[in-house]
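Shown next, in structure tokens, is the structure this report addresses.
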Amino acid sequence: MPKNKKPAGGRPARNFDPDYVAKRRAQQAKKGPKPGSRSPGHRGYRSPEETPKKNRWDAAERAERAEQRRQGDRRFDRDDRPQRERFDEDRPKRHYERDDRPRRQFARDDRPRRDDRARDDRARRDDRGSRFARDDRPGRDDRRFDRDARPQRRSFDSDDRPRRSFERDSRPRRDDRSTRFNSDDRAQRRYERDDRPRRQFDRDERPQRRQFDRDDRPQRRFDRDSRPQRRDSFANRDAKPRFTPQDDVVLERLEADAIQASDVEGVSFSDLGLGGNIVRTLGELGAASPFPIQAATIPDVLAGKDVLGRGRTGSGKTIAFGAPLVERLMENKGGTKREMGRKPRALILAPTRELALQIDRTVQPIARSVGLFTTQIYGGVPQARQVGALKRGVDIVIGTPGRIEDLIEQGRLDLSDVKVSVLDEADHMCDLGFLEPVQRILRQTAPKGQKLLFSATLDTGVAALVNEFLVDPAVHEVAGEDQDSGTIDHRVLVALREDKVQLLTELADRDEKTLVFTRTRAYAEQLVDDLEDAGVRAVALHGDLSQGRRQRNLERLTSGRVKVLVATDVAARGIHVDDITLVIQADMPDEYKTYLHRSGRTGRAGKAGRVVTVIPRNRRRRMTEMLERAEIDAPIVDVFPGDDVVDEIAGRPTIADLTS
DNA sequence: AAAAAAC
């Protein structure tokens with residue numbers, strides 16, 4: 001039946017109900033005219049004068065909403081964000097928890113120092129609130145739109161949400177572990193939990209609690225030792241190869257030729273063998289003379305050798321492979337003019353779409369300077385444009401594995417002419433889930449084609465690829481360039497779980513760019529809400545957002561319009577944003593390599609930066625081990641909201657500074 | 001177990 005026909009039987013569609021239509025018209029009339037199009041000449045154009053002002057929330061209303069939420073009244077959310085509402089229904093416990101904690105208020109009042117600052121902040125935050133209010137509301141609406149409009153998202157929700165609520169409420173890890181690995185353990189656990197009513201008691205009185213906790217520690221340790229089951233469960237974990245801390249070992253470093261930074265002095269890109277146009281473009285990109293890793297790898301790439309390159313985060317790896325790759329293509333262009341539909345001759349693979357995009361932003365101008373074309377091939381966006389570019393003919397394909405394989409299967413992308421392939425973040429591309437697609441793609445490229453593997457954490461994990469695809473590779477690294485020799489100040493803060501949000505808020509409430517990492521997409525969302533409720537503008541970046549929103553939110557940080565980005569590990573590798581001065585790890589990273597990559601988002605190209613990791617007490621040991629593997633020295637301190645060290649890390653003057 | 005990556 002055509003859509004515009006009135007249904008034959010049953011209740012008529014509302015639009016065909018004269019009463020309904022009349023009622024709606026009356027409502028519309030009362031509301032006044034709708035806002036029309038803003039561009040003159042458009043059919044629905046309305047001049048600004050006759051366009052009614054939209055209802056915007058001001059700072060006071062916003063604060064009221066936050067207060068309502070705090071009191072467990074979800075009315076505002078229900079109107080605004082249906083999705084959230086459903087989420088909360090799954091977790092009635094939270095209402096209870098929140099209502100049950102007036103303590104917060106109390107604690108805050110109890111500290112005059114905090115109060116002073118809070119007053120200052122409040123003024124500033126209100127300010128900020130109104131400044132952002134205009135952008136804010138539509139943004140939220142957008143978000144709701146995204147949710148509704150995207151089926152994938154739903155499927156994610158249905159799989160993930162329930163589990164999330166379970167985790168949050170009932171201490172995920174432990175339960176999980178015990179049920180999985182040791183059923184006997186479980187009974188014991190439950191006993192333990194029942195055995196801790198004193199915690200409840202302590203919760204009422206802050207200062208005592210601190211005291212108590214400190215005393216409590218030895219006892220805890222004793223507890224642990226006296227629980228053989230627990231040990232067993234760890235032993236079992238160890239037996240599971242992929243999930244254990246043991247998995248996080250430092251793989252053997254590849255035998256590498258180390259270039260000394262001093263060897264590079266006075267060397268120019270031309271000296272390394274790059275042509276005039278390319279050198280000029282590099283200069284325009286801000287690369288006047290080569291960084292060490294570039295000086296080390298460029299000659300070998302130009303010589304056609306397979307290359308493994310390790311240079312720490314922010315050391316200029318993109319140019320290290322991008323520039324010589326273009327030079328190579330230009331050299332052996334022989335015969336192949338820029339004909340329509342010519343097959344690509346070079347391929348650059350990256351683990352995330354944002355990284356692929358970013359690489360293209362560097363490589364494209366270099367390629368254009370010598371008349372070569374690049375195109376991005378990645379998912380999450382319509383493929384038509386990408387296919388169109390391929391039809392016209394491109395020389396360099398830059399993208400992520402999924403869409404590249406997709407287009408190969410559709411017969412729209414032919415890699416058989418690819419003579420140079422680059423894997424950026426190569427060790428990550430060898431992780432489970434990435435390795436096989438990458439192998440399949442590389443097998444499509446020209447046999448014996450040149451392969452270049454780059455990463456800040458290049459280790460023997462890439463052996464699978466090296467053995468199959470590389471011939472006598474040259475391995476390069478820069479002498480003395482381990483991460484710790486860099487410009488980054490590392491800190492670890494041990495905090496109580498119930499202080500975490502407050503602490504993160506205080507850390508993130510600053511004027512310079514801040515990147516916050518979480519372990520899950522759900523927590524990234526949650527944290528953005530928590531920060532916004534506390535008056536700190538923040539946006540999220542994770543794989544559950546539409547690609548448009550991902551790019552928009554990243555751009556908001558890049559442009560500095562928003563100072564805080566909360567991201568999953570999708571942003572851990574390769575992403576370059578100028579002047580991120582603080583990286584906050586709201587969750588501890590999984591492995592030392594992740595630690596290195598996350599912290600590498602700051603302190604780039606020799607600039608100063610700071611990394612702070614917030615952990616609960618029981619992660620302290622694992623954290624210490626991870627730092628050892630990463631070869632990083634970081635002080636580990638107990639911290640509570642309002643402590644001086646928090647201000648110091650955030651870069652605010654401490655009380656001591658103010659009074660001196 | 002999570003994250004990323006295709007429609």
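Please read these numbers as outputs of a predicted model, since none were measured by experiment. Every chain is numbered from 1, with letters handed out A, B, ... down the list of sequences.
The nearest whole Å value for the distance from the CG atom in A/Asp590 to the P atom in B/dA3 is 10 Å. For A/Glu354 and B/dA4, the CD to P distance is 9 Å, given to the nearest whole Å. Counting to the nearest Å, the C1' atom of B/dA5 and the CD atom of A/Glu405 are 10 Å from each other. The separation between A/Asp431 atom CG and B/dA1 atom P is 18 Å, rounded to whole Å. Protein atom CZ of A/Arg353 is 8 Å distant from nucleotide atom C1' of B/dA6, rounded to whole Å. A/Arg521 places its CZ atom 8 Å from the C1' atom of B/dA2, with the value rounded to the nearest Å. As a whole-Å value, the separation of A/Asp406 CG from B/dA4 C1' is 16 Å. Remark: P of B/dA2 and NE2 of A/His597 are 22 Å apart, rounded to the nearest angstrom.
Within 4.0 Å (heavy atoms only), A/Arg550 reaches sugar-phosphate atoms of the nucleic acid but no base atom. Base contact: A/Gly433 has a heavy atom under 4.0 Å from a base atom. Here A/Val381 lies in heavy-atom contact (under 4.0 Å) with sugar-phosphate atoms only.
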Side chains of residues 420-430 of chain A: which donor-acceptor partners sit under 3.5 Å, not counting sequence neighbours?
from: A/Glu425; atom 1: OE1; to: A/Arg573; atom 2: NH1; distance (Å): 2.8
from: A/Asp427; atom 1: OD1; to: A/Ser455; atom 2: OG; distance (Å): 2.6
from: A/Asp427; atom 1: OD1; to: A/Arg573; atom 2: NH1; distance (Å): 3.1
from: A/Asp427; atom 1: OD2; to: A/Thr457; atom 2: OG1; distance (Å): 2.6
from: A/Asp427; atom 1: OD2; to: A/Arg573; atom 2: NH2; distance (Å): 3.0
from: A/Asp427; atom 1: OD2; to: A/Lys593; atom 2: NZ; distance (Å): 3.1
from: A/His428; atom 1: ND1; to: A/Asp431; atom 2: OD2; distance (Å): 2.9

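Proximity of A/Arg519 to the phosphate of B/dA4: no side-chain N or O atom is located under 4.0 Å from OP1 or OP2. Put simply, A/Thr400 has a side-chain N or O that comes within less than 4.0 Å of OP1 or OP2 on B/dA6.
Contact check on A/Arg345 versus A/Asp417 returns no salt bridge, with no Lys/Arg side-chain nitrogen under 4.0 Å from an Asp/Glu carboxylate oxygen. Between A/Glu591 and A/Arg629, no side-chain nitrogen of the basic residue sits less than 4.0 Å from a carboxylate oxygen of the acidic one, so the salt-bridge criterion is not met.
To the nearest 0.5 Å, atoms OG1 (A/Thr518) and CG (A/Leu504) are separated by 10.5 Å.
Comparing B/dA5, B/dA3, B/dA6 by their nearest atom to the side chain of A/Thr520 picks out B/dA3.
Listed by chain and number, the residues in a salt bridge (Lys or Arg N to Asp or Glu O under 4.0 Å) with A/Asp587 are A/Lys500 (sequence neighbours excluded).
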